[in-house]
Amino acid sequence: MQSQTPLPDFIASLFDMIPGVSGDSQLVFIVSALIAGTIVGSLMLTQTALVIWAKRKITAAFTDRIAINRVGPAGLLIIPADALRLLSKELIVPEGVDRPAWDLAPLVLASSALLGFAVIPMGSLLGIDFQVADPETGLAYVFATASIASIGLVMAGYASNNKYSFLGGLRAVAQNLAYEIPLILTGMSVVLFAGTLQTSEIVAAQSETLFSLGAVAIPSWYAFVNPFAFVLFLVANLAEVGRNPFDIPEAPTEIVAGYQTEYSSVYFVLMYLGEFIHIFLGGAIIATIFLGGPAGPVLPGLVWFLIKIWGVFLFTQWARSAVPRVRIDQLIEIGWKGMLVLSFANLLLTAVIVGVIV
Amino acid sequence: MHHEFRWTLSLAIARSLRLSTAHSPPEVSRMSLEEPEPSTHGDVGVTEDGLDYAALEALIGDSVIGRESHVNADGFVVRPDDVQAVLGTLKSEAGFDFCSCVTAQEYQDRYESIYHLKKYDDPTQEVSIVVPSPRDDPHNQTATPVHQTAAWHEREAYDLVGIEYDEHPDLRRILLPETWQGHPLSRDYNQDKPQIVTLREHANPLQEDARSASDPDTMFVNIGPHHPATHGVLHVKTTLDGEQIADIEPDIGYLHRCEEQMCQQSTYRHQIMPYPDRWDYVSAGILNEWAYARAAEDLADIEVPEYAQVIRTMSAELCRIAAHALAMGTFALDVFGDFTAVFQYAFRDREVVQNILEDLTGQRLMFNYMRLGGVAWDLPEPREEFFEKVRDFLDELPHKLEEYHDLVTGNEIFQMRCVDTGVLSPEKAKEYGCTGPVARGSGVDYDLRRDDPYGYYDELDWSVITEDGCDNFSRVLVRLREIEESARIIEQCTDLLEEWPEDDREIQANVPRTLRPDPDKEIYRAVEGAKGELGIYIRSDGTDKPARFKIRSPCFSNLHSLAEMSQGEYVPDMIASLGSLDIVLGEVDR
């Protein structure tokens, strides 16, 4: 039986080396868990900080531009420069906003996405297993925490006392309702294959060889086993994280910036961060349940894991640069009439296949 | 070779889009000097040698109290309370279905509204309806029930000149704020008197109720004047029912720059000429210049040398390509969402045209290339280099257009968004006085370059593009296909210019240093701008400055149709429709 809390356990074992401190005590365990959470959280926040730079470079590559290249080598120093710029701006609190809901919304948005990373197996680096917790309900937990973001969107939209924000908030709810069900149903089909909700087990189930192409062994990643579910999940995930063609809740050309119209300075940074952590969480879920988690040759697991989530990020940016946005009614139609039916079909088919063959 | 290739290409693309029904073979719609098709309306007064104004006068009989002769057409002076009757009769019996412009002005003894009427089938058949009204109490009947477009034109006349239009559905100021004191183009208006209106007295758009009083289920939203997708400072007062549009009203005037007044205070030859560049400032500069040049040259009987006409035609079409590329890019921006590849591609390709225009004119934005009677200078030396540059651009264009068709018009989501949204029927398009790609996207076959030829267009081989879809998608297709046609024109002009004998390269007619057209001549002349019919009305008074200078902006009339297009549609469709109208606020507000 593997440990249910790999990373905190490892940190607790470090505490154990200090004379007089017992690694088994409750207090040490809580402190270790906090440290573990901080490490994983910081890792993801570092990734999102990189986004500030990478996003521009990626979009520029798609749209025939150069983008930042003056601030530091290849424009990398734009990261601290931007952080400083955004944080030093005035925090404008519009008249009539509904506090504290208005203040809490950015926090809810940013933290809900971070929470999900607690159960993601990020692979190991130098023998350390980067996973804060590995409960048996892992996948259900991830989807549950990711859904909290919807509440943040409604709070932001409703509390801002702005009609554009309000429209954006309404759109966000409609969209998340329409797409979370197909998203979770498609995730369920993977659970049927793996027979468990535990994320580490799902990853382990993907390590077998599906078939061999000469010397290259193709692993039984669920993206290869069930490409249909993979595509469904990718699309539903685009809607879930609100990227083109589904960036309806923000839709700059229609409703200015949607739910985040009235946010400035630190709150804006939090909103922005939340958005990108959410994209990364989407990438992490896709990597975990479809792309074999941290599995990959030569490089350490953690590096592979990061490569995979950046790959998903690249995909969202690609969609953003090239695909037109659908209209809100079309989005709802695609969600309820298309994706939902397809995801149910996928689930049923998977259930039959798993029931008959396995 | 290139022509055939381009046509096969565009047809192949069309077929792949399953739109081929909308395309007629080039031979059919190709520009020619054939007679216009017979009008479905009556055609009283149409004869072989132009309009028989006596027959028209007989038609409207008793209402006529006088006759005027303008340079472009004869004018009938009619009684102020007979406007609807006269315009209605002329529309139904004589086929004058296009109220191009309403010019209002004040004389020493009277006010005057001139309705410039034309036919969509043949814009060379023109008639002016002149409506005088007394100075102390200027009133005349509105033309709105006959020509919807007159509603806005009359509001502008009321706003700037001060004539009141009886029975007008909504006679408010349109360009200036509600609180403005006086009418700035009237004779006794004191230009120096400051407008003392406290901020509190200004209408505050934020204070309006969130819900309209009559319908508690709707929400009032101000889209603009500061909004990412209103293409400038346009304010659209929108009432939403959920996400659908219950009612909208474009509120313009934020970029009003007194353009007509500026022209009235400037000299014909030197001061007005560079100014049109500022009207529609997104790459349509030379097209604007031509509108003024054409009106002023016809007013003063200036004959432009043929060589200069070819250069004008070429440079104008270069401008049209640049303007259409920008329209395409910004429309994609509105529909795609964020800054996307299409916008950047459009700018990348527009840049090539901009470079050519820079070589030619020395400028990139305010070209100031045309002169009354010709152009500023000949093609840049070495000429071969310039021609090569133009040819390179033309050679690469089909490939680039194919890319747009792949990326934009061929995209299924794009089609989902644009097909059958923002529908403007041909009848409505005519009623609102729409012209340019907006009218042609509704199947109205109207293009001044063919129908009222000027420059060198009638010597060249090209076609007028129309699409029958009447929706946002059609308008985009029209623009993309017009780029192909402009390229054909440029190619032929380049050939002509290259072979033009060196000793015959006359770029400028003989024009008096100070131009003083004969007094009391009136003219309304229009050219096909990037956005549609850009017309200029000038009345001379014998001095070197016009007594009245009126700009008929295509964007102004086209924007008027926005409410018609977006009624009951979703907000994103309204934004798309607005984008497909391709307005430039500098030209709307003037």
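Here is how names work: the chains are called A, B, and so on, in the same order as the sequence lines, proteins then strands, and each is numbered from 1.
The ring of A:Tyr164 has its center closer than 6.0 angstrom to the ring center of B:His227. Aromatic pair A:Phe166/A:Tyr259: centroids not less than 6.0 angstrom apart.
Legend: residues meeting ring pair (Phe, Tyr, Trp, His ring centres under 6.0 Å) with A:Trp310, ordered by chain and number and at least two apart, are A:Phe280, A:Phe313.
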Between A:Asn162 and A:Thr261, does a side-chain hydrogen bond (donor to acceptor under 3.5 Å, both in side chains) hold up when you go through it step by step?
CA-CA 8 Å; A:Asn162 176 312; A:Thr261 306; 5.0 Å; no
Check against salt bridge (Lys or Arg N to Asp or Glu O under 4.0 Å), B:Arg348 and B:Glu403
CA-CA 13 Å; B:Arg348 176 198 66 194; B:Glu403 196 173 51; 3.0 Å; yes
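The most heavy-atom pairs under 4.5 Å with chain A, out of B:Thr421, B:Val571, B:Asp334, come from B:Asp334.
Contact check on B:Lys389 versus B:Asp392 returns no salt bridge, with no Lys/Arg side-chain nitrogen under 4.0 Å from an Asp/Glu carboxylate oxygen.
Proximity to chain A (any heavy atom under 4.5 Å) is restricted, for B:Leu240, to the side chain, taken from C-beta onward. Only the side chain of B:Tyr570 comes within contact range of chain A, judged by heavy atoms closer than 4.5 Å.
In this structure, B:Arg417 fails the cation-pi test against B:Phe414, since its NZ or CZ atom is not both closer than 6.0 Å to the six-membered ring centre and inside 45 degrees of the ring normal.
Against chain B, the residues from residues 328-340 of chain A that qualify, each with a non-hydrogen atom under 4.5 angstrom away, are A:Ile328, A:Asp329, A:Gln330, A:Ile334 in number order.
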